[in-house]
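What follows is a short report on a single structure.
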Protein chains: 2
Amino acid sequence: MHLTRYTDYALRVLLYLAVKGEERATIHEIAESFGVSRNHLMKVVQDLSHRGYITTIRGKNGGLLLNRPPEEITLGGVVRDTEHELGLVECFRDHNECIITPACRLKPILNEAMGAFMQVLDGYTLADMLGRRQPQLARLMQIPTGAT
Amino acid sequence: MHLTRYTDYALRVLLYLAVKGEERATIHEIAESFGVSRNHLMKVVQDLSHRGYITTIRGKNGGLLLNRPPEEITLGGVVRDTEHELGLVECFRDHNECIITPACRLKPILNEAMGAFMQVLDGYTLADMLGRRQPQLARLMQIPTGAT
DNA sequence: TTTAAACATGTATATAAAATACTACTTAGA
DNA sequence: TCTAAGTAGTATTTTATATACATGTTTAAA
Ligand code: SF4
Ligand code: SF4
């Protein structure tokens, strides 16, 4: 049971931008900071941009900015938007060939479990990911803060 | 976000055996019924056998039987036993290289969500998967019941 | 007005996990 | 003693994901 890196990267990007605040961050910089593929991150960023989570600015001195206050970005929303395949098992997906689907009582149970999972994520926002640890996060992400 | 077929197959095998009751079922028969790989099912079955869920009988007229009453087999237990990789994201797994792990507040949130997911599954047993639909299931699985 | 730093887009390749297939062996009832 | 079953280990195929590559577009600064 995995979430894709794609989804986790999306959350990391949003967190990075939240920590950075008003300042622009480049894809290159974020990829370097986390030591992950710049190309992959680029796709994540475009996705987030198309969905209105972030603003992208092209050209020299360009970069990324959060497009919404962290308090309004729920983790559940991000996961639903970025984790493309949320179908836990065959019968939730296309091309289902499981013969017992019409009478299977596991399916609704899995559905309920999935609901419980998402409900937790819907209860948190990006702001909850900052908290009082923001300075520590900034340090780990190697974001040069205003401080010395 | 997927469960592996391996896990779903494990649950299907248990359900099949539960529906069949006292009667033995062969791996071949179950694979045929669901139209899935016999070889793959074989591994699932051995796993379930080693973990004490089922009894296997070798030789002619051999087959499989449930080793515990359906009421005592929780779905959460089965999923924990068969879904080998339950680590949702990098930091839950080996070789974690995510630099913000020490300060990441997403990790505990995901942990909570995972807990909510499993808690639902822990609340149901194999018996709940039978219910009054047992005859319909038997029909779908093409299990010849005592009836005409 | 040229240059370079940034994002945009599409395609191709590589990696890893999962599913499936194959081979040889053991058990035990008819 | 033959055959239908499970046991075990390995190999191959398939799929999803992640990464890399190539090329284009925008825009601020030199
Ligand atoms: S067994 Fe039930 S839950 Fe699993 S694929 Fe079939 S219908 Fe869905
Ligand atoms: S960002 Fe947080 S949740 Fe994701 S891998 Fe890193 S530590 Fe874990």
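Naming convention: chains lettered A, B, ... in sequence-line order (proteins, then strands); numbering from 1 in each chain.
One atom, CD of B:E97, and another, C1' of D:dT19, lie 15 Å apart when rounded to the nearest Å. Rounding to whole angstrom units, NE2 of residue B:H28 and P of D:dT3 are separated by 17 Å. When rounded to the nearest whole Å, the span between NZ of B:K60 and P of D:dT1 equals 15 Å. In this entry the distance linking CG of A:D8 with P of D:dA18 reads 10 Å, nearest Å. The CG atom of B:L64 sits 17 Å away from the P atom of D:dA4 (whole-angstrom rounding). Regarding B:I54, its CD1 atom lies at a distance of 13 Å from the C1' atom of D:dT7, rounded to whole Å. Atoms CD1 (B:I30) and C1' (D:dA4) sit 16 Å apart, rounded to a whole Å. For the pair A:M42 CE and D:dT19 P, the interatomic distance rounds to 14 Å; values are reported in whole Å.
Residue A:N61 places at least one side-chain N or O closer than 4.0 Å to OP1 or OP2 of D:dA29. The side chain of B:Q46 contributes no N or O atom lying less than 4.0 Å from OP1 or OP2 of D:dG6.
A:K43 forms no cation-pi arrangement with A:Y6, by the criterion of a distance under 6.0 Å to the ring centre and an angle within 45° of the ring axis.
Using a 4.0 Å heavy-atom criterion, one finds that A:H50 contacts the sugar-phosphate atoms exclusively. When heavy atoms are screened at a 4.0 angstrom cut-off, B:N39 is found touching base atoms of the nucleic acid.
Residue B:H2 forms a side chain to side chain contact (heavy atoms under 4.5 Å, CB included) with just one option from A:H2, A:M1, A:R93, and that option is A:R93.
Nearest-nucleotide assignment on DNA chain C puts the 5′-proximal partner with A:G63, out of A:G63 and A:H2. Each of B:G59 and A:K43 has a nearest nucleotide on DNA chain D; the 5'-most of these lies closest to B:G59.
When the nucleotides D:dT19, D:dT7, D:dA11 are ranked by their closest atom to the side chain of B:R58, D:dT7 comes out on top. The side chain of A:Y9 approaches D:dT19 more closely than any other nucleotide in the set D:dA29, D:dT19, D:dA8.
The pair B:D8-A:K107 fails the salt-bridge criterion, with no side-chain N (NZ, NE, NH1 or NH2) lying under 4.0 Å from an Asp/Glu carboxylate O. Salt-bridge annotation for A:E90 and B:R12: present, with a side-chain N of the basic residue lying under 4.0 Å from a carboxylate O of the acidic one.
For B:T82 (side chain) and B:V78 (main-chain N/O), a donor-acceptor pair under 3.5 Å exists by modelled atom type.
Distance CD/B:Q134 to CZ/A:R105: 10.5 Å, rounded to 0.5 Å.
Bracketed by its first and final contacts, the part of DNA chain C lying under 4.0 Å from non-hydrogen atoms of chain A reaches from C:dA5 to C:dT11 in 5' to 3' order.
Side-chain heavy atoms closer than 4.5 Å link hydrophobic residues (I, L, V, M, F, W, Y) into clusters, and following such links, even through other members, never connects A:L48 to A:I57.
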